[in-house]
Peer 1: 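Let me begin by handing over the structure; questions about it come next.
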Amino acid sequence: MKRTASRLAYTVIVLFVSSIAVFYAIRLSGGDATAAALPGSATEEFREEFRDRLGLNEPIYQQYFTYMGRILSGDPGNSLTNNKALTDMLTEHGRNSLILGGTAFGLVFLVGIPLGILASLRRNSWADQGIMSLSTVAMAVPNFWLALLAVWLFASTLGWLPSAGCCGTKQLILPAVVLAFEGIALTVRMTRSAMIESQNSDYVRTLRAGGLSEWRITCKHVLRNALIPIISLAGLRIGQIVGYALIVETIFGWPGLGQVLVNAVLRRDYPVAQFFSLVLVALVVLGNWLADTGYTIANPRLRKST
Amino acid sequence: MTELDATRSSHAQAWDERVAAYENEARANPWRKKLREFNRNKLLFTGSVLGILIVGLGLIGPLIIGSDYAGQSLRNTHLPPLSEGYLLGTDQYGRDLLVRLCIGIRVSLFVAAAVTSMALVVGMALGMCGGFLGGAVDRAVRSVTDFIWGFPLILVAVLLAGGLGQGLFPVILAVGIVNVAAITRVVRGEVVVLRAREFVEAARACGISRFRIMWRHLLPNVMAPALVLASYYVAVAIIAEAGLSFIGLGAQPPLPSLGKMVADGRGFLRINHWESTVPGIGIAGLVLSVSLIGDGLRDVFDPQLRHEAKGVEKG
């Protein structure tokens, strides 16, 4: 209990510190915030007035508190380039991101765990060798290059799937698979080694000696013990997916949070960049916290100590 | 479960779990160890040959064929490889792909070198101070590294690019910061183990200053694991730079970066896919060679394996 509470406190502190870090990082460029919104011919006085209106001339710590207050009251402001309300953008693009990220997240476990189990049950067979070599390659290939190969093969050459766009099932397949690829490889490896570790442990030997069928041992005992840590750490995959989504969404033109953030950074649209950085950072911190909590629940030893 | 373990981030625990799982796997399967012995030199050899070829191409190539990476020739756009005068063909502006590939390799190598030297110097200094001095210094080092370690590299880089603008510098800084955290964590862990060893105690008993103990006695001992880890993070740096340049945040035109070249050629896959695949092969080759060298180095230097071989108890 104490551990859970202290982790919660730690998470809140991390959220607070990272919100300050994000705020300062993006505001470093505050000086030319006017460049995105105003035409090049705008006079210096007009720019100054514009900065005043946005509150960019106040001391930065004051800006931080004003800004956080506005976010908490549900009005983070508008985009500088197209004047859209950020909350509208969040719901619109957040939905797309949720579809893509959720599919990738599901793929990581629905594909990764069965493959890992298969590899561990048929250890050193051709299936195991194949799965393991593929996962080694998958972890070494940069995902944007993988995306490109996939587009070249499935879209340009074979013409089976569209190369980009939103938001039908057909358009979803390529980005979701590319986004999930490294996670799948990692899950396969973790599952396989956890299963093998579990199969070699003393209690399994005892069960075998007791005459339980191999099938029963695997399903009831080995699987359970091997999968609990993997599933309980699922939160860590959220962070990974958020990171890669920045690249994958941009490549496939999938209008999600990642693409919005990258475009905002490229166009120096700082309210958008700031708000969506905060959203993504909060997601990652939340994922880490979930993983930590899940891990604590799955490990009675951690629950008791400290 | 000590207090130390309990306060570490979930990320760190997940990582440790993975490492433990790999080690168990290696122990449970003696063939794997034999295979590693056999592969040891082969990995290093293949990786080095590939690496020397690519690095040589990047460093020496421009001296022979010139380094005019921005020169356009609008009559000769989208030429396939082996065209007259252009060994690897040209891109959408008729720029020589071979020259751009060479310069792109240079950019990748420059970023990797900058990031890795920053990560090694700062990471080792922080890790040794934290692990050896303990107390408040250690707590500060640990909380900062755990904080950074919790965020995905790409997100950190995009945030820094948001603040500092696009270009190679924010990329180097972002990848560097994350790699510093990675090296610090490992070096700190090593030093905490080393600190309790007899030779450190003996040095202390002789009245040697703490700084000198760190410099002369601990540094040589953490060098090997730090270098092995650094070789792995060279690959991470190359991939990250390419990925960030790909989405437009890294190297700015006309300076070629392998990732940016892949992105530029993306629109012309049907016309001349080599504009994308050539730099892509360059990235894959670089990453592969660095990973092979890293794996080879790990097999040679891995303290775990070495201790096992000599039958020495670890710690």
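The chains referred to below are lettered A, B, ... by the order of the sequence lines, with proteins before strands, and numbering in each begins at 1.
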Peer 1: Would you find more than 12 non-hydrogen atoms of other residues, nucleotides or ligands less than 6.0 Å from A:Y64 atom OH?
Peer 2: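 Count over threshold, so yes.
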Peer 1: Which atoms of B:I281 are under 4.5 Å from chain A, going by heavy atoms: the side chain, the backbone, both sets, or neither?
Peer 2: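 Both backbone and side chain of B:I281 come within 4.5 Å of chain A.
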Peer 1: Could you tell me if the side chain of A:S277 sits less than 4.5 Å from the side chain of B:V158, heavy atoms only?
Peer 2: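 Answer no - side chains too far apart.
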Peer 1: So, taking the atom named CD1 in A:I247 and the one named CG in B:L244, what distance separates them when rounded to the nearest 0.5 Å?
Peer 2: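 So the gap between those two atoms works out to 5.5 Å.
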Peer 1: Side chain, backbone, both or neither: which part of B:A157 has a non-hydrogen atom closer than 4.5 Å to chain A?
Peer 2: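 The answer is neither part of B:A157.
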Peer 1: Between A:V265 and B:L159, is any pair of side-chain heavy atoms under 4.5 Å apart?
Peer 2: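 No, too far: nothing below the 4.5 Å cut-off.
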Peer 1: Tell me which of these, A:T293, A:V281, A:I13, A:N263, has more heavy-atom pairs under 4.5 Å with chain B than the rest.
Peer 2: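 Most heavy-atom pairs within the cutoff with chain B belong to A:V281.
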Peer 1: Locate the shortest heavy-atom distance separating B:A242 from A:F144; write the atom from each residue and the value.
Peer 2: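 Closest heavy-atom pair between B:A242 and A:F144: CB-CZ, 3.4 Å.
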Peer 1: Verify the neighbour count for atom CH2 of B:W274: are there more than 12 heavy atoms of other residues, nucleotides or ligands below 6.0 Å?
Peer 2: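 Check fails, neighbour count at 12 or below.
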Peer 1: What part of B:A161 is in contact with chain A, defined as an atom under 4.5 angstrom from a non-hydrogen atom: side chain, backbone, both or neither?
Peer 2: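 Both backbone and side chain of B:A161 come within 4.5 Å of chain A.
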Peer 1: Should A:Y10 and B:D146 be marked as a side chain to side chain contact (heavy atoms under 4.5 Å, CB included) after you check the CA-CA gap, both sets of side-chain angles, and the distance that decides it?
Peer 2: CA-CA 11 Å; A:Y10 176 76; B:D146 279 354; 3.8 Å; yes
Peer 1: With a 4.5 angstrom heavy-atom cut-off, which part of A:V14 approaches chain B: side chain, backbone, both or neither?
Peer 2: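 Contact with chain B involves both backbone and side-chain atoms of A:V14.
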Peer 1: Report which part of B:I283 has an atom under 4.5 Å of a heavy atom belonging to chain A: side chain, backbone, both, or neither.
Peer 2: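 Side chain of B:I283 only, per the 4.5 Å heavy-atom cut-off to chain A.
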Peer 1: Between A:L266 and B:I247, which heavy-atom pair has the shortest distance, and what is it?
Peer 2: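 Smallest heavy-atom distance, with atoms named: CD1-O, 3.6 Å.
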Peer 1: Quick one: closest heavy-atom pair of B:G150 and A:N288, and the distance?
Peer 2: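 Nearest pair, atom of B:G150 first, then A:N288: O-ND2, 3.0 Å.
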Peer 1: Pick from A:V285, A:I251, A:V262, A:L149: which one has the most heavy-atom pairs with chain B under 4.5 Å?
Peer 2: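 Between A:V285, A:I251, A:V262, A:L149, the count favours A:I251.
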Peer 1: Side-chain contact, heavy-atom cut-off 4.5 Å: B:F147 with A:S18?
Peer 2: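 Answer yes - side chains close enough.
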Peer 1: Going through the checks in order, is the side chain to side chain contact (heavy atoms under 4.5 Å, CB included) test met by B:L155 and A:L261?
Peer 2: CA-CA 10 Å; B:L155 186 58; A:L261 175 57; 4.2 Å; yes
Peer 1: What are the two closest non-hydrogen atoms of B:P152 and A:G243, and how far apart are they?
Peer 2: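 Closest heavy-atom pair between B:P152 and A:G243: CB-CA, 3.8 Å.
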Peer 1: With a 4.5 angstrom heavy-atom cut-off, is it the side chain or the backbone of A:A264 that approaches chain B, or both, or neither?
Peer 2: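 Neither part; nothing is under 4.5 Å.
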